[in-house]
Amino acid sequence: MRATYLKKRLIPKLLIKHRNLGRVVRPVLVTTHRFERTVEIGDAVSQAKIYQAQMADELVVLNIDGTPIAGDAVMLSLIERLAAETFMPLSVGGGVRTVDDFQQLLEAGADKVSVNTQAVESPSLIYEAARRFGSQCVVVSIDFRVEPSGEARVYVEGARKATERTTVEFARHVAEMGAGEILLTDADRDGTGAGLNLVVCRQVADAVPIPVIVSGGCGLAEHFIEGFVEGGAEAVAAGTFFAFRDQNPIQTRAHMRNAGVPIRMET
Amino acid sequence: VSPGARMRRVVGLVDYSAGNIRSIENAFLHAGAEVVRVRRADDVSSCTHLVLPGVGAFGFCAERLHATGLRPTLEEWAFSVRKPLMGICVGMQLMADGSEESPGVAGLGWTGGMVRKLPAAGVRVPHVGWNTVRFEHAWSGIPLGYTADYYFDHSYAYHVPGSGKSIGMCRHGEEFSAIIQRDNVIAVQFHPEKSQTAGLRLIEAFLSQ
């Protein structure tokens, strides 16, 4: 029996670095640990095809070098190949600075574009992009670290630089500016498998009317269930979990269904 | 294999610089069709099917489409010659008279009525993700009562077309039309090109028209 309402989403993250091989630059798929210590794990297109066969609901693709996406032939041709070889939604970010960057990524085959550093430095980009492409196209990726005081501080530039903004207040602001989704990542939990930050996720989910994708820390299938049930997230994104675990999205999906989370079970 | 399946299908993608046309092209190529881009009236002469895509704000898409001058060509195709045409996402919404998203901007008016903002009544808007469509009418080999999950990504919806009929319904806070039909025009709010097996199946049903 099919649940006839919107399903929760399982989203593998494809983190991309540019690797200079002398004559050519190639995109390589990596995993990260607390936004540092990257490990190369292979080819993004092959991995995306595997995730599609395993019924992933969507893919998040991030250029974690944060180099400008404008005219980045390596990233743009990677997006073109992903769009040609999979039939699933692609949310793409990393180094997005202008409305024209949105245009270039959408033309290459992205369905949604995420902004991170520029959302803090120039929030009017969110408004301009939403007016031109619609809110449903605009994702704001918020990286945060929890301070000793308990405050969840927004970080930019690959979570290396602290900002003046606090996470819940900033999430509310970007939703008002026209963001269509928030990708919320606890940088200190990234790659640790220690579980999602359910407290901050719930605070953000309660503060905004738009969907929240929570990320950073999935190590067990139970962590996904917690993200939906306790965190109030619409989607959970994970990189390391799907790349290294024996678990694949189909098995994780079965866990979720058994826990009563509405999830797509058949194509 | 039915005799129709071997026929040459040439899909004309209306290219008015509004959206992710490449993904739609890839999906139709995968389904075995040839694809051409339609920018001028002459471009439709080799086509067996037309697709009207659209991603972006309603006003932006409507202005871009009107600026191409293709409207009479599309209307002759759809309602005089009555050949198959599929609208996708904002390509569906453009068939209304207008949209709350862009007050004062006229749509194509093919199926009448207004596109309205989805109410955030107990649900999050935009409506993003996989949701179930229930077929209220049989269409192109898909039976009445068939259900499938497709990928949606929108804040505005076409609740009640003024003319034509709702083939498929979806619910997010409230019911809205996920698939509408008038003559040989079919239009979908979701993204078949992003809906994996279920989406490719729908594209094949359209190509068999």
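Note that these values count all heavy atoms, side chains included, but never hydrogens, waters or copies made by symmetry. Convention: sequence-line order gives letters A, B, ...; per-chain numbering from 1.
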Which residue, B:Glu193, B:Gln196, B:His191, B:Lys194, forms the side chain to side chain contact (heavy atoms under 4.5 Å, CB included) with A:Pro89? B:Lys194
How many angstroms lie between atom CZ of A:Phe133 and atom SG of B:Cys61, to the nearest 0.5 angstrom? 10.0 Å
Straight-line distance of A:Ile263 CD1 to B:Asp149 CG, nearest 0.5 Å: 10.5 Å
For A:Ala235, is it the side chain, the backbone, both, or neither that has a heavy atom closer than 4.5 Å to a heavy atom of chain B? neither
Per-residue contact mode, B:His172 against chain A (heavy atom under 4.5 angstrom): side chain
Side chain / backbone / both / neither for A:Ile210 at chain B, heavy atoms under 4.5 Å: both
In this structure, are over 12 heavy atoms from other groups packed under 6.0 Å from B:Arg40 atom CZ? no
Separation between CD of A:Gln52 and OG1 of B:Thr197, rounded to the nearest 0.5 Å: 7.5 Å
Check A:Gly109 against B:Ser23 and note the closest heavy-atom contact, atom names and distance. O-OG, 3.7 Å
Locate the shortest heavy-atom distance separating A:Ala83 from B:Asn26; write the atom from each residue and the value. O-ND2, 3.1 Å
Interface moiety of A:Lys112 toward chain B, non-hydrogen atoms closer than 4.5 Å: side chain
Between A:Glu80, A:Glu234, A:Arg131, A:Gln103, which residue shows the highest count of heavy-atom pairs closer than 4.5 Å to chain B? A:Glu80
For A:Glu181, is it the side chain, the backbone, both or neither that has a heavy atom under 4.5 Å from a heavy atom of chain B? side chain
Less than 4.5 Å to any heavy atom of chain B: does that hold for the side chain of A:Ala56, its backbone, both, or neither? backbone
Taken to the nearest 0.5 Å, the spacing of B:Tyr156 OH from A:Gln136 CD works out to 10.0 Å
Side chain, backbone, both or neither of B:Ala120 within contact of chain A (heavy atoms, under 4.5 Å): neither
Residues B:Val128 and A:Leu6: closest non-hydrogen pair is O-CD1, 3.5 Å
Checking A:Arg132 against B:Phe60: charged group under 6.0 Å from the ring centre and within 45 degrees of the axis? yes
Do the side chain of B:Arg124 and the main chain of A:Ala205 share a donor and acceptor less than 3.5 angstrom apart? yes
Any non-hydrogen side-chain atom of A:Lys7 less than 4.5 Å from a side-chain atom of B:Thr132? yes
Pick one of side chain, backbone, both or neither for B:Leu200, based on which atoms fall under 4.5 Å of a heavy atom in chain A. side chain
Just verifying a value: how many Å separate A:Met88 CE and B:Trp130 CH2, rounded to the nearest 0.5 Å? 7.0 Å
